[in-house]
Amino acid sequence: MISKILVANRGEIALRIIRTAREMGLRTVAVYSVVDKNSLHTMLAHESVCIGPAKASESYLNIPNIISAAQITKADAIHPGYGFLAENPRFPEICDSEDITFIGPPAPLISLMGDKNAARLEMKKAKLPVIPGSNDVVVELSEAKSIAKKIGYPVILKAVSGGGGRGMRIVRSPNHMDEQLSIAQYEAKAAFGDPSLYMEKYIANAHHIEIQVVGDTKGHVIALGERECSVQRKHQKVLEETPSPFIDEKLRKKIIKATQDAAVSIGYQSLGTFEFLVDNEKRFYFMEANTRVQVEHPITEMVYGVDLIKEQIKIAAGEKLSFPHGLQMSGHSIECRINAEDPYTFIPSAGKIEFLVLPGGQGIRVDSAAYRGWTIPPDYDSLLAKVVAKAPTRREAIRKMQTALEMTTIVGIKTNIPLHLNILSNSDFKKGNYSIQFLENFLTKKAARSKK
Ligand code: ADP
């Protein structure tokens with residue numbers, strides 16, 4: 001039984017969780033840093049507790065303060081959202097020792113997937129195809145060169161503890177290995193406190209395809225249809241859609257089955273996402289698994305008519321998955337991540353929202369913590385709103401999204417809406433003809449045109 005949930009997060013995801021918890025008749029507690037005192041999640045939870053200064057390491061990452069907030073408010077469960085503490089296995093361990101239910105997978109599963117190289121090797125054992133690469137952490141230059149020679153250039157160096165598209169370096173020839181290895185180690189240490197790297201073959205023009213997994217504590221594990229996340233900038237997702245225009249029914253069935261079998265073999269519990277690269281020959285390779293709710297989970301909710309957070313809460317309370325035999329997908333859904341940033345230089349744009357009109361109407365969902373008069377603090381990521389469209393066909397979903405974004409007005413800060421409108425009207429995008437190189441190529445061409 002869960003009766004009161006503390007949400008250890010901020011922004012749109014905190015609000016998203018509070019919304020479902022309230023619908024379920026549960027009490028909610030928000031935690032906030034001093035600069036988030038006037039944030040929507042702080043105002044819309046039943047109770048709120050200040051947990052420290054703006055700096056995340058002293059507030060949203062501060063486990064003792066968050067646990068104290070739960071104890072003071074008598075919250076019996078904690079939802080970590082995504083980012084911050086969501087994939088830190090110490091957090092569920094501490095929750096457990098304090099008799100607080102952690103709404104997420106058990107600590108050992110988080111630990112396993114948190115080491116991306118170990119996860120890769122484990123999934124290989126579970127018969128998921130993995131990208132050819134190193135079997136272990138790569139430290140020395142000679143070692144890196146000999147592995148790269150074996151798998152063939154180009155290769156990609158990736159941080160074992162990486163995430164958020166950071167700590168990755170593509171190496172195109174042996175001459176560049178020395179330099180790229182040092183930079184990647186330095187970046188990994190700076191961003192994740194761990195310089196360990198592993199190596200994979202770099203797959204050009206691939207598709208980033210991911211599968212949503214939901215597992216309960218009674219042994220039911222279901223894998224749902226794919227999210228296409230190939231519209232990326234600097235390895236970070238910008239727009240996602242489901243189903244993927246690139247994946248046919250045969251391949252879909254194959255990836256879902258392989259994921260479900262692998263998830264069953266490790267006893268997956270709670271929400272999780274298995275990420276794959278799919279090459280031009282439609283071969284799929286496991287990349288990593290994220291043991292939390294993803295930013296882009298709403299598109300899956302839209303086409304399956306399910307509330308994934310509700311399932312996650314029920315599973316944490318020991319209840320059975322409400323769809324133990326799977327679900328039927330219908331229609332097409334697209335999500336645009338609206339960031340507070342310059343659409344082409346990508347420089348974050350914090351500040352006061354002077355005027356705000358968010359889109360709505362049939363088939364449009366907006367997950368956002370923005371409101372008119374709110375001053376966006378510069379201390380956190382720049383995600384301002386997720387605009388999600390659903391329609392019977394891909395074509396209609398694109399039109400619906402275009403209309404929604406054209407009718408959105410945000411004054412006072414810059415956003416990347418112009419970039420989204422450019423993507424949505426691009427002829428290759430409209431044909432569904434795009435890979436992970438699409439946005440970088442598009443931006444390079446655009447920059448060249450504006451120089452002329
Ligand atoms: P993170 O956890 O930081 O998001 P991922 O392993 O999920 O890192 O990779 C993020 C993105 O980086 C992928 O979606 C893809 O665009 C690119 N990438 C990662 N590995 C490869 C690879 N072996 N070949 C080509 N691109 C890759």
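Just follow the structure's listing: the first ligand is 1, and inside any ligand the first atom is 1.
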Any idea which atoms of ligand 1 are less than 4.0 Å away from a heavy-atom of [X]?
X: I436; value: 15 (C), 16 (O), 26 (N)
X: H208; value: 13 (C), 14 (O)
X: I131; value: 23 (N)
X: L277; value: 21 (C), 22 (C), 23 (N), 24 (N), 25 (C), 26 (N), 27 (C)

Which residue and non-hydrogen atom of the protein lie closest to [atom], and at what distance in Å?
atom: atom 24 (N) of ligand 1; answer: I203 N, 2.9 Å
atom: atom 8 (O) of ligand 1; answer: K116 NZ, 3.2 Å
atom: atom 16 (O) of ligand 1; answer: Q232 OE1, 2.7 Å
atom: atom 26 (N) of ligand 1; answer: Y202 CE1, 3.5 Å
atom: atom 3 (O) of ligand 1; answer: G165 N, 2.6 Å
atom: atom 9 (O) of ligand 1; answer: M168 CE, 3.7 Å
atom: atom 2 (O) of ligand 1; answer: E288 OE2, 2.6 Å
atom: atom 19 (C) of ligand 1; answer: K158 NZ, 3.3 Å

- Query: Between H41 and Y60, how do the two ring planes meet: parallel, tilted or perpendicular, split at 30° and 60°?
  - Reply: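 Judged by the thresholds at 30° and 60°, the geometry between H41 and Y60 is tilted.
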- Query: Parallel, tilted or perpendicular for H207 and Y434, by the 30°/60° rule?
  - Reply: tilted
- Heavy-atom gap K201 to ligand 1 smaller than 4.0 Å: yes
- Task: Tell me, please: is A206 in heavy-atom contact with ligand 1, that is, under 4.0 Å?
- Result: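 No; A206 lies far enough from ligand 1 that no heavy-atom distance drops under 4.0 Å.
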Flag the pair [X] and [Y] as a salt bridge only when some basic side-chain nitrogen lies within less than 4.0 angstrom of an acidic carboxylate oxygen.
X: R365; Y: E301; answer: yes
X: R227; Y: E335; answer: no
X: E288; Y: R120; answer: no

- After noting the C-alpha distance and the side-chain angles of I338 and L405, does the key distance pass the side-chain contact (heavy atoms from CB on, under 4.5 Å) rule? CA-CA 10 Å; I338 310 303; L405 296 186; 3.9 Å; yes
- Query: Does NZ or CZ of K446 fall inside the cone over Y344's six-membered ring, less than 6.0 Å from its centre and within 45° of the axis?
  - Reply: yes
- Query: Do we get R394 above F429's six-membered ring, with its NZ or CZ under 6.0 Å from the centre and within 45° of the axis?
  - Reply: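 Geometry flag: set, cation within 6.0 Å and 45°.
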- Could you check which of M199, K237, H235, R233 puts a non-hydrogen atom nearest to atom 12 (O) of ligand 1?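 Considering heavy atoms of M199, K237, H235, R233, the nearest to atom 12 (O) of ligand 1 sits in H235.
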- Task: Please check if the distance between the ring centroids of Y304 and F323 is under 6.0 Å.
- Result: no
- Ignoring hydrogens and angles, tell me if any N or O in the side chain of E87 forms a donor-acceptor pair with the backbone of T291 under 3.5 Å.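 Answer holds: yes.
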